[in-house]
Amino acid sequence: METNVNQPIDFIREIIEEDIKTNKNSGRVATRFPPEPNGYLHIGHAKSICLNFGIAAQYKGTCNLRMDDTDPAGETMEYVESIINDVKWLGFDWEDRLFFASDYFERLYDFAEELIKKGKAYVCDLSPDEIREYRRTLTEPGKESPYRNRTVEENLDLFRRMKSGEFADGSRVLRAKIDMASSNILMRDPVLYRIKRTPHYRTGKKWVIYPMYDFAHCLSDAIEGITHSICTLEFENNRPLYDWIVNELIEGEKPRQIEFARLNLSYTILSKRRLIELVEKGYVAGWDDPRMPTIAGMRRRGYTPEAIKTFCNKIGVAKKDNLVDIALLEACVRDDLNENAPRAMCVLQPLKVIIDNYPEGQTKEIECPNHPKNPSLGKRKVPFSKVLYIERDDFSENPPKKYKRLSPDKEVRLRNAYVIKFSHLIKDGATGEIKEIHCTYDPATKDGPSLDGKKVEGVIHWVAASHAIPIEVRLYDRLFTVEDPASKGDDYLNYINPDSLKILYPCFAEHNLKDALPGARFQFERIGYFSLDPKDSTKERPVFNRIVSLKDTWSKLAK
RNA sequence: UGGGGUGUCGUCAAGCGGUAAGACACAGGCCUUUGGAGCCUGCAUUCGGAGGUUCGAAUCCUCCCGCCCCAGCCA
């Protein structure tokens with residue numbers, strides 16, 4: 001777990017170490033991860049999760065999981081469950097500290113009354129349009145609401161009646177009395193409570209008024225004793241308001257907000273609004289579509305939590321806007337899987353090979369290591385027989401330069417087995433397509449050199465036709481064709497990669513794969529990493545998702 | 001345009017006045033029963049630009065430029 005020994009610490013940890021040194025908050029460190037349950041978590045959230053839980057673990061503190069559910073529109077229990085599931089899957093533990101902002105509604109309401117009593121908040125009858133108008137623009141100061149100077153008694157009365165449901169949705173709001181001339185627009189008497197009759201997924205119809213983010217978040221932090229409230233850059237403008245509310249209502253230790261740059265990943269999109277659109281408009285098969293940058297999608301694709309966490313640690317934490325190369329994520333996945341995934345053989349695009357000098361009907365069990373470097377992963381038996389399948393592009397009738405697979409005058413090693421030599425081929429008379437190729441093998445070459453002692457350059461994978469099992473393979477590619485689809489604004493849908501999913505069937509896999517468990521990961525040798533899809537696989541038709549391809553230096557060479 | 005941020009290799013990112021870490025990507029080479037993996041080598045004479053301070057500046061000062069955020073009763 002000591003992965004960051006050589007890693008320089010980021011600016012947030014610097015702040016925290018300084019706070020510990022000066023004994024701020026008595027040296028206590030308490031963070032929280034506060035998603036709104038109105039969508040699934042994605043890799044950007046993973047960065048925040050790793051940061052918050054990582055800091056808590058590193059400084060012997062705590063990290064809470066808190067549902068920031070103050071706006072009933074769009075929030076559901078399904079999302080809550082998915083969030084819990086995803087954070088857990090990543091391997092983090094909030095112990096008994098699962099909280100809901102909605103559990104604080106009563107206390108938040110009391111805080112609001114307190115603010116009114118201090119003369120720092122008022123009920124405003126302006127319409128949304130009027131409020132915007134009074135707030136003016138970025139360059140000119142705002143104008144005070146005509147309701148700004150209501151008495152405390154009147155405000156208290158009105159606010160209580162707002163709570164009891166006396167007024168229509170949108171007819172009145174509670175506002176903080178701060179400064180309509182502030183250069184920070186968020187400080188121009190921000191709305192603290194609105195009337196909304198939408199039922200809340202947890203509190204039902206009990207409340208008709210709901211606190212706004214700015215009011216609820218800082219106070220929830222304070223209630224939970226959060227010391228460092230870490231959020232993304234776009235909340236920087238909210239910090240003066242965060243501090244204002246906390247200073248008006250909280251005695252003693254106060255939480256501190258710190259902002260970092262959210263993650264952007266190349267060739268994908270990480271805005272909740274747009275991910276929802278992809279799901280709802282059917283561009284993907286759901287939140288857990290393996291092409292999605294969601295935690296659920298990556299899990300189904302076969303990514304490991306370890307790889308995702310390694311990635312999050314490698315990208316660092318800073319305040320600069322960024323667009324991280326998705327190749328880094330893929331490299332982390334490959335690194336992890338290379339070490340841990342057992343190997344198997346599978347032919348994606350089969351070409352029939354007949355070994356002419358191999359006895360008809362005979363089968364030899366060849367023992368293959370499950371991992372070339374790690375014997376503790378054990379061995380398995382793979383049957384060899386007269387008729388095999390090899391990959392279509394592992395044979396070339398007129399090989400290009402540097403081609404080292406099978407060709408009419410180049411012998412090749414069958415992985416873990418014999419060296420074979422081309423004899424002749426049979427083409428389909430009508431199409432001219434190669435139907436099958438005939439070869440001879442040398443029985444002496446299984447664990448030795450080739451026929452005449454010289455080295456064979458190429459090694460190809462294969463599977464015995466008699467024992468192979470047909471499987472469906474799904475090849476995934478990046479979801480978008482451009483590096484930064486978010487920069488295309490609402491046109492981003494025009495840049496969806498039409499080839500982000502390719503389905504291959506039948507592919508022929510070694511029979512051992514028939515016992516694979518849902519989610520099990522393998523390296524199909526020379527191709528990539530694959531995992532058994534837990535949702536769409538059936539006994540008759542197993543479905544394997546390509547997690548990530550192997551690095552392919554040949555395809556570069558071939559160009 | 002007011003305010004708040006931010007600019008260091010293709011992409012992230014260290015650097016905190018003493019002479020540009022690392023990772024991914026990329027390019028070569030070695031090795032190899034995965035064209036995989038591994039190993040080795042190369043990859044910012046320069047830090048958005050221009051001035052200035054200093055023996056010495058990516059780091060300090062001044063001015064300029066680019067990009068991001070804020071005018072929801074979203075978070």
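Below, read A as the first sequence line, B as the second, and so on, with proteins coming before strands; counting in each chain starts at 1. For the numbers below, each heavy atom of this structure counts, side chains included, while hydrogens, waters and symmetry mates do not.
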> Could you walk me through whether Glu510(A) and Phe522(A) pass the side chain to side chain contact (heavy atoms under 4.5 Å, CB included) check?
Replying inline: CA-CA 12 Å; Glu510(A) 62 175 73; Phe522(A) 300 89; over 6 Å; no
> If pairing requires Watson-Crick or G-U wobble contacts with both distances under 3.5 Å, which nucleotide is the partner of U45(B)?
Replying inline: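 Pairing partner, where one exists within any strand: none, as none qualifies.
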>> Go through it in stages, so that I can follow the logic: the residues are Cys124(A) and Arg172(A), the test is side chain to side chain contact (heavy atoms under 4.5 Å, CB included), and I'd like the CA-CA distance, side-chain angles, deciding distance and then a yes or no.
In response: CA-CA 6 Å; Cys124(A) 182; Arg172(A) 282 181 231 257; over 6 Å; no
Look at all strands and tell whether [X] reaches a base, only sugar-phosphate, or nothing, counting heavy atoms closer than 4.0 Å.
| X | answer |
| --- | --- |
| Asn38(A) | nothing |
| Pro141(A) | nothing |
| Tyr210(A) | nothing |
| Arg188(A) | nothing |
| Thr553(A) | sugar-phosphate |

> For residues Asn370(A) and Lys379(A), is any side-chain donor paired with an opposing acceptor at under 3.5 Å?
Replying inline: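 Looking only at side-chain atoms, Lys379(A) and Asn370(A) do not form any donor-acceptor pair under 3.5 Å.
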> Can a donor-acceptor pair under 3.5 Å be found between the side-chain atoms of Asn237(A) and the base atoms of C69(B)?
Replying inline: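 Yes, the side chain and the base share a sub-3.5 Å donor-acceptor pair.
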[options]: which one has an atom nearest the side-chain heavy atoms of [X]?
| X | options | result |
| --- | --- | --- |
| Lys319(A) | G5(B), C73(B), G2(B) | G5(B) |
| Leu138(A) | G35(B), C74(B), A71(B) | A71(B) |
| Ala331(A) | C24(B), A37(B), G35(B) | C24(B) |
| Ala318(A) | A14(B), C69(B), G35(B) | A14(B) |
| Thr70(A) | A75(B), G35(B), C73(B) | A75(B) |
| Lys320(A) | G7(B), A23(B), C73(B) | G7(B) |

> In whole angstrom, what separates Glu236(A)'s CD from C69(B)'s P?
Replying inline: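 Taking CD of Glu236(A) and P of C69(B), I get 12 Å after rounding.
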